[in-house]
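Encoded as structure tokens, the structure appears first; notes follow it.
It should be emphasised that the depicted structure is a prediction, and the values quoted were computed from it without experimental measurement.
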Amino acid sequence: MLSKEIKNEFIKIIREELVPAMGCTEPIALAYASARGREVLGKMPQRIDALCSGNMIKNVRCVTIPNSGGMTGIETACILGAAEGNPGAGMEVLESVSDEGRRRTRELLEQKCCRVEFLDSEIPLHFIIRLYAGNDMVEVEVRHTHTNIVAIRKNGTAVFEKSDEQAETGHATDRSHLTLDNIRCFADEVDIDEVRKIYERQIRCNMDIAYEGISGDYGLGIGRMIRESYADGVVTRMKAYAAAASEARMGGCDMPVIINSGSGNQGIASSVPVIVYARENNIPTERLYRALIFSSLLTIYQKEFIGKLSAFCGAVSASCASAAAITYLVGGTKEQIKATIDNTLANIPGIICDGAKISCAAKIASSLDASMMAHYLAMQNKEYEAYTGILKEDAGETISCVGYIGKVGMHQTDKEIIKMMLE
């Protein structure tokens with residue numbers, strides 16, 4: 001049984017990570033910082049400089065920004081956030097943009113009032129927004145996580161500044177107790193009423209955008225294609241709805257998604273498949289909540305080793321968590337849950353992240369296919385042996401090894417991907 005202190009910390013982690021966001025989180029983070037900067041500046045900026053790390057550039061380049069009228073790019077995100085962003089709405093900063101705001105943004109884009117610079121930083125998620133008006137200048141710096149503003153300076157004087165320790169963690173919660181065993185115990189033991197509203201919102205938001213993606217006209221229509229072209233079955237529907245939700249989100253849909261580890265796609269991939277599976281199999285609601293808790297925390301646990309942004313595709317981590325949660329959902333043993341994780345990570349840890357875009361939906365579908373194969377193998381008590389490739393004796397060790405590969409081993413890969421995209 002987990003201590004009350006650990007349970008309370010896990011609830012804080014869930015509340016910190018599972019928050020609503022509109023659209024791809026990187027451009028939304030830029031819009032949020034711009035909105036905060038304009039708030040301090042006290043007027044509409046005449047000029048904006050956006051200094052962005054390579055991973056920020058990579059993840060903003062190809063996605064449509066919600067409520068923008070189909071516009072894309074770092075410049076759009078910064079100008080739209082400054083023009084009509086609501087900083088009090090957090091990652092839903094662009095929820096109330098008007099036609100006038102979109103018109104004004106287009107005008108300022110034509111005037112080239114926003115300039116983008118490459119920020120040579122070892123921190124993957126790192127950017128600085130500078131807003132100028134007359135003789136005034138406000139600078140907003142964000143590091144590590146999307147809304148982790150570490151400093152706001154007006155005319156060179158700090159208006160807000162975090163300590164070095166607070167600035168470098170990127171979150172306010174203690175993640176040191178996250179282990180596979182603790183996550184499973186917490187999912188079994190937590191009072192559902194303490195997190196019920198969070199998961200009610202997750203189910204509602206993430207399934208609403210999944211239905212929108214299936215019925216709407218986004219990207220290549222991959223979700224609809226999967227449902228129509230593959231043999232009917234629960235895995236087909238899991239893949240179809242998760243992919244459709246991602247494609248709608250990447251394609252500019254203005255419906256919010258409950259994110260995980262700073263990512264809407266990971267929020268989708270760690271929840272929609274579990275929800276679809278539970279509904280298809282008439283699983284009781286409380287049991288579904290516990291599986292979603294398991295999936296949420298397992299995704300966060302994996303990302304602690306990888307980092308928020310890297311060359312490692314987050315669809316792998318989130319889909320692995322979904323399948324392990326389904327093993328948990330159907331009463332799988334600790335060994336079968338471990339086997340689901342190992343079987344997944346023995347297969348697809350090499351999918352690269354080449355930026356946020358509509359094809360992320362295809363990566364989610366492929367990752368779910370692999371992770372559900374891992375689940376079915378595990379339920380037959382079949383598992384790849386330890387020390388087969390990168391697999392270790394303990395699932396936590398395997399997760400940390402994959403995280404090391406994603407964060408350290410693929411560091412140069414990330415640089416090369418960014419270099420190719422910038423060229």
Side-chain angles (χ1 to χ4, degrees), residues 2 6-7 9-18 171 173 175-190 195 198-199 202 206 238 242 258-263 265-275 277-278 287-308 312-349 364 367-368 370-372 374-375 378 383 391-392 394-403 406:
L2 290 180
I6 292 177
K7 286 180 183 177
E9 201 61 36
F10 281 14
I11 290 169
K12 289 178 186 176
I13 293 170
I14 288 169
R15 288 175 178 161
E16 184 176 47
E17 293 283 7
L18 270 64
H171 51 70
T173 49
R175 314 292 175 90
S176 63
H177 296 291
L178 283 174
T179 65
L180 185 57
D181 286 344
N182 283 354
I183 289 168
R184 185 165 177 248
C185 285
F186 179 77
D188 284 340
E189 297 170 7
V190 65
V195 292
I198 295 171
Y199 287 99
Q202 184 188 59
N206 292 5
M238 289 163 61
I258 303 304
I259 66 175
N260 186 306
S261 302
S263 165
N265 280 339
Q266 288 169 60
I268 288 164
S270 64
S271 63
V272 169
V274 182
I275 298 162
Y277 186 94
R287 188 68 187 161
L288 168 59
Y289 287 157
R290 294 191 185 280
L292 289 172
I293 290 165
F294 184 95
S295 185
S296 300
L297 288 172
L298 183 54
T299 302
I300 295 164
Y301 176 45
Q302 292 177 85
K303 292 296 288 183
E304 282 299 292
F305 296 100
I306 299 168
K308 286 287 190 287
F312 186 95
C313 177
V316 174
S317 310
S319 297
C320 177
S322 265
I326 287 168
T327 304
Y328 168 85
L329 185 69
V330 299
T333 64
K334 174 184 173 180
E335 290 71 25
Q336 287 170 324
I337 292 169
K338 174 187 177 296
T340 302
I341 295 168
D342 283 346
N343 290 344
T344 303
L345 297 180
N347 183 2
I348 54 166
I364 288 174
S367 296
L368 283 171
S371 65
M372 285 305 292
H375 159 74
E383 177 186 5
L391 298 185
K392 301 296 182 184
D394 179 74
E397 286 185 66
T398 299
I399 288 169
S400 71
C401 285
V402 170

Using side chain to side chain contact (heavy atoms under 4.5 Å, CB included) as the criterion, list what pairs up with [X], not counting sequence neighbours.
X: Asp181; answer: Thr179, Lys334
X: Arg175; answer: Ile13, Glu16, Glu17, His171, Thr173, Leu178, Ile300, Glu304
X: Glu189; answer: Met1, Leu2, Lys7, Cys185
X: Tyr289; answer: Ile192, Arg196, Tyr199, Glu200, Ile203, Thr285

Hey, could you give me the [atom1]/[atom2] distance between [X] and [Y], rounded to the nearest 0.5 Å?
X: Gln302; Y: Leu297; atom1: CD; atom2: CG; answer: 11.5 Å
X: Thr333; Y: Arg184; atom1: OG1; atom2: CZ; answer: 7.0 Å
X: Leu292; Y: Ile198; atom1: CG; atom2: CD1; answer: 12.0 Å

Any donor-acceptor N or O pair under 3.5 Å, side chains His375, Thr340: no

Ser270 side chain to Ser295 side chain, donor-acceptor N/O pair below 3.5 angstrom: no

I'd like to check the side-chain hydrogen bond (donor to acceptor under 3.5 Å, both in side chains) partners of [X]; sequence neighbours left out, ordered by chain and number.
X: Lys338; answer: Asp342, Glu383
X: Ser271; answer: Asn206
X: Ser319; answer: none
X: Glu9; answer: none

Any pair counted as salt bridge (Lys or Arg N to Asp or Glu O under 4.0 Å), so long as it reaches residues 322-331, sequence neighbours left out: none

Within-4.5 Å side-chain heavy-atom neighbours: [X] and [Y]:
X: Ile399; Y: Leu298; value: yes
X: Phe186; Y: Ile11; value: yes
X: Met238; Y: Ile326; value: yes

Smallest separation among heavy atoms of Ser296 and Asn260, with atom names: O-ND2, 3.2 Å

Residues in ring pair (Phe, Tyr, Trp, His ring centres under 6.0 Å) contact with Tyr277, at least two apart in sequence or another chain: none

Residues in ring pair (Phe, Tyr, Trp, His ring centres under 6.0 Å) contact with Tyr301, at least two apart in sequence or another chain: Phe305

Results of salt bridge (Lys or Arg N to Asp or Glu O under 4.0 Å) for Glu397 - residues two or more places apart only: none

